[in-house]
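A short worksheet on the structure shown next.
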Protein chains: 2
Amino acid sequence: MRKLIYLADDDENIRGLINMFLSNEGFEVKSFANGDDLLAAFLQKPADLVILDIMMPGTDGLSVCTQIRNCSNTLIIIVSARDNEMDRITGITLGSDDYMTKPFSPMELMARVKALFRRLELDTGGSSRHILTAGNLIINAATRDAKVDGSQFDLTPTELALMVYLMQNSTRAVSRDELLKNVWKFDFEVDSRATDDVVKRLRKKLAAVKCSAKIESVWGFGFKLSEGGK
Amino acid sequence: MRKLIYLADDDENIRGLINMFLSNEGFEVKSFANGDDLLAAFLQKPADLVILDIMMPGTDGLSVCTQIRNCSNTLIIIVSARDNEMDRITGITLGSDDYMTKPFSPMELMARVKALFRRLELDTGGSSRHILTAGNLIINAATRDAKVDGSQFDLTPTELALMVYLMQNSTRAVSRDELLKNVWKFDFEVDSRATDDVVKRLRKKLAAVKCSAKIESVWGFGFKLSEGGK
DNA sequence: AAGAATTGCCACAGCTTTGCCACAGTTTAA
DNA sequence: TTAAACTGTGGCAAAGCTGTGGCAATTCTT
């Protein structure tokens with residue numbers, strides 16, 4: 001799906017220029033002459049990325065940045081004619097993801113916009129990445145390699161799949177149902193303790209190789225990976 | 001958990017400087033005099049963020065960047081003495097998340113490092129809209145995390161469900177019947193003091209972790225959450 | 001085809017949760 | 001003031017959940 005980008009700058013030439021470059025790259029762009037209009041539009045329909053000039057009539061870019069960040073995770077780039085250390089630092093600290101000073105190269109802006117979307121992709125859709133880590137455990141899902149402290153050990157297909165799923169979702173607890181659905185591909189409701197069995201075997205193997213990562217039980221729910229004390 | 005940062009630069013002064021600043025901010029830093037050493041260490045134990053100089057003896061920073069990006073999602077910042085548009089653009093395009101030119105302000109580097117971690121956090125952790133708060137209590141219904149003042153504590157399934165319901169309806173008092181119907185899924189009329197029991201245990205747990213939010217009884221009706229404190 | 005590996009299931013033991021009870025303390029209403 | 005209704009508390013036992021070892025069916029290997 002095409003990414004939607006909002007742009008606020010009081011200089012019409014700059015708006016046109018950036019708009020052109022971004023559109024050429026396949027982005028959907030909406031530009032605004034001031035921050036208030038952008039904010040209003042954003043509250044109506046959030047964009048995937050926002051580019052804000054600091055000095056604008058009405059609410060300044062930094063305030064708009066804070067307000068957007070208060071209610072959204074959207075990517076934000078701040079652009080400013082003022083170039084001193086303090087401005088950059090406050091700009092970034094206030095919640096923007098990048099800060100560029102005018103005059104800037106449109107090409108560099110393009111590169112940075114793409115870098116931000118790439119980062120978003122890596123962080124969220126990251127299933128394309130095959131190397132997973134948890135504590136001293138490294139699993140390469142592509143080559144089916146599992147290593148602890150550099151020494152390799154074996155996992156069966158199911159064990160590997162379960163481990164990979166837990167590692168891909170290591171920030172949260174995963175329910176047994178979710179595992180049965182996504183690792184076992186059972187669409188229907190089943191009452192099975194298959195998950196417990198695989199976890200049982202995984203725990204034994206991980207302990208045998210002194211892996212710092214542990215599979216913890218979440219009572220009445222499922223499991224959660226813990227990296228284990230550093 | 002402390003973030004691990006790898007840093008490669010052939011200038012010992014710069015290594016020391018950056019190392020000092022990052023350490024002061026609570027990061028765990030390991031610095032290397034060239035890219036090859038860093039890459040070797042990274043393959044052994046991946047870091048959370050990598051800072052690469054471009055011009056170094058041995059493999060240059062850009063190649064190291066590409067190699068790391070090939071096998072990992074780690075955050076990468078490229079730092080270079082060369083400052084022209086083309087360098088910046090290729091640097092960012094090759095897979096780094098940010099590009100800074102020397103000489104740079106250590107404070108700005110700090111700000112950008114933190115911005116990258118913040119983005120990572122936004123993309124992975126806080127992404128879900130299931131975060132509920134009441135006083136100093138934070139419950140993430142999706143990850144089943146319950147925290148008071150940042151320290152996590154455990155809730156049983158029923159306790160969690162009841163707490164979430166109360167927090168979702170924190171503006172009003174909730175009757176016992178409503179709780180039995182929506183949390184216990186009892187369709188029929190029952191005379192049960194199950195709610196009181198769970199509330200009893202919840203109160204004990206909340207008090208044990210010095211939670212400012214309290215479950216208040218509404219006489220002859222049910223319960224109501226109060227944020228407490230302030 | 002025989003042997004090995006994998007994997008789901010079972011049964012049992014041990015632990016946690018949770019609803020219930022009895023009783024004491026509190027609030028409401030007559 | 002008193003009785004009735006309601007809530008807080010500790011204990012308890014049934015129900016539910018998890019860890020474990022063993023086992024059998026299936027699949028993979030040789």
Side-chain angles (χ1 to χ4, degrees), chain A residues 139 144 146 152-166 173-209 211 213-226, chain B residues 144 146 152-166 173-209 211 213-226 228:
Chain A
I139 288 191
R144 307 172 49 77
Q152 194 261 348
F153 66 101
D154 287 329
L155 291 177
T156 70
T158 330
E159 287 165 1
L160 186 88
L162 176 57
M163 202 61 211
V164 166
Y165 194 86
L166 286 180
V174 181
S175 75
R176 290 188 170 73
D177 284 345
E178 181 180 346
L179 289 172
L180 286 172
K181 195 181 342 175
N182 296 326
V183 179
W184 273 259
K185 314 292 182 194
F186 286 163
D187 284 339
F188 42 95
E189 286 291 310
V190 278
D191 177 26
S192 165
R193 291 192 58 198
T195 50
D196 299 77
D197 284 305
V198 179
V199 165
K200 163 178 64 177
R201 286 159 184 144
L202 264 174
R203 280 177 176 153
K204 196 173 285 184
K205 284 194 182 180
L206 294 180
V209 295
C211 174
K214 301 262 180 293
I215 300 178
E216 292 174 348
S217 299
V218 180
W219 209 93
F221 185 75
F223 304 96
K224 180 176 190 316
L225 198 64
S226 87
Chain B
R144 303 174 57 82
Q152 197 259 350
F153 64 102
D154 287 330
L155 291 177
T156 69
T158 332
E159 287 164 0
L160 185 84
L162 176 56
M163 200 63 211
V164 166
Y165 195 87
L166 286 180
V174 180
S175 76
R176 290 188 171 72
D177 284 345
E178 180 180 347
L179 289 172
L180 286 173
K181 197 186 334 179
N182 296 326
V183 179
W184 272 260
K185 315 291 182 195
F186 286 164
D187 283 340
F188 42 94
E189 286 292 310
V190 278
D191 177 26
S192 165
R193 291 192 59 196
T195 50
D196 299 78
D197 284 304
V198 179
V199 165
K200 164 178 62 178
R201 285 161 184 141
L202 263 175
R203 281 177 176 153
K204 195 174 284 184
K205 283 194 181 180
L206 294 180
V209 295
C211 174
K214 302 266 181 291
I215 301 178
E216 293 173 347
S217 297
V218 179
W219 209 89
F221 184 73
F223 305 96
K224 180 177 187 317
L225 198 63
S226 89

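The sequence lines fix the lettering, A, B, ..., with proteins before strands; numbering per chain opens at 1. Just so we're clear, the structure is a prediction, and the values are computed from it rather than from any experiment. Below, each value reflects all heavy atoms present in this structure, side chains not excepted, and no hydrogens, waters or symmetry copies.
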Let me know the distance between [atom1] of [X] and [atom2] of [N], rounded to the nearest Å.
{"X": "A/D154", "N": "D/dT29", "atom1": "CG", "atom2": "P", "value": "13 Å"}
{"X": "B/D196", "N": "C/dT17", "atom1": "CG", "atom2": "C1'", "value": "17 Å"}
{"X": "A/L179", "N": "D/dT18", "atom1": "CG", "atom2": "C1'", "value": "15 Å"}
{"X": "B/R176", "N": "D/dG8", "atom1": "CZ", "atom2": "P", "value": "7 Å"}
{"X": "B/I215", "N": "D/dG8", "atom1": "CD1", "atom2": "P", "value": "10 Å"}
{"X": "A/L160", "N": "C/dA5", "atom1": "CG", "atom2": "C1'", "value": "16 Å"}
{"X": "B/L162", "N": "C/dT17", "atom1": "CG", "atom2": "P", "value": "15 Å"}
{"X": "B/K214", "N": "D/dG8", "atom1": "NZ", "atom2": "C1'", "value": "16 Å"}

One thing to verify: whether B/E159 and B/K205 come together as a salt bridge, which I'm taking to mean a side-chain N less than 4.0 angstrom from a carboxylate O.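 B/E159 and B/K205: salt-bridged.
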Locate the shortest heavy-atom distance separating [X] from [Y]; write the atom from each residue and the value.
{"X": "A/K185", "Y": "A/N182", "result": "NZ-O, 3.0 Å"}
{"X": "B/S192", "Y": "B/L180", "result": "O-CD1, 4.3 Å"}
{"X": "B/V218", "Y": "B/A173", "result": "CG2-CB, 3.7 Å"}
{"X": "B/R144", "Y": "B/P157", "result": "NH2-CA, 4.1 Å"}

Side-chain donor or acceptor of A/R176 paired with backbone N/O of A/R193 under 3.5 Å: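 No; judged by distance alone, with no hydrogens or angles, the pair does not exist.
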Taking only side-chain N and O atoms of B/S217, does any of them lie within less than 4.0 angstrom of OP1 or OP2 on D/dG8?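 Yes, because at least one side-chain N or O of B/S217 sits under 4.0 Å from OP1 or OP2 of D/dG8.
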May I ask you to verify if any side-chain N or O of B/R203 is less than 4.0 angstrom from the OP1 or OP2 atom of D/dT9?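 No.
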Measure the spacing between [atom1] of [X] and [atom2] of [Y] and express it to the nearest 0.5 Å.
{"X": "B/R201", "Y": "B/L155", "atom1": "CZ", "atom2": "CG", "result": "13.5 Å"}
{"X": "A/F223", "Y": "A/E178", "atom1": "CZ", "atom2": "CD", "result": "12.5 Å"}
{"X": "A/L166", "Y": "A/K224", "atom1": "CG", "atom2": "NZ", "result": "10.0 Å"}

Tabulate atom names and distances for all N/O pairs under 3.5 angstrom spanning the protein and nucleotides 19-23 of chain C.
from   : atom 1 : to     : atom 2 : distance (Å)
C/dG19 : OP1    : B/W184 : NE1    : 2.8
C/dG19 : N7     : B/R201 : NH1    : 3.2
C/dG19 : O6     : B/R201 : NH2    : 2.5
C/dC20 : OP2    : B/S192 : OG     : 2.9
C/dC20 : N4     : B/D197 : OD1    : 2.7

Return the polar atom pairs (N/O with N/O) between nucleotides 28-30 of chain C and the protein under 3.5 Å, or none.
none

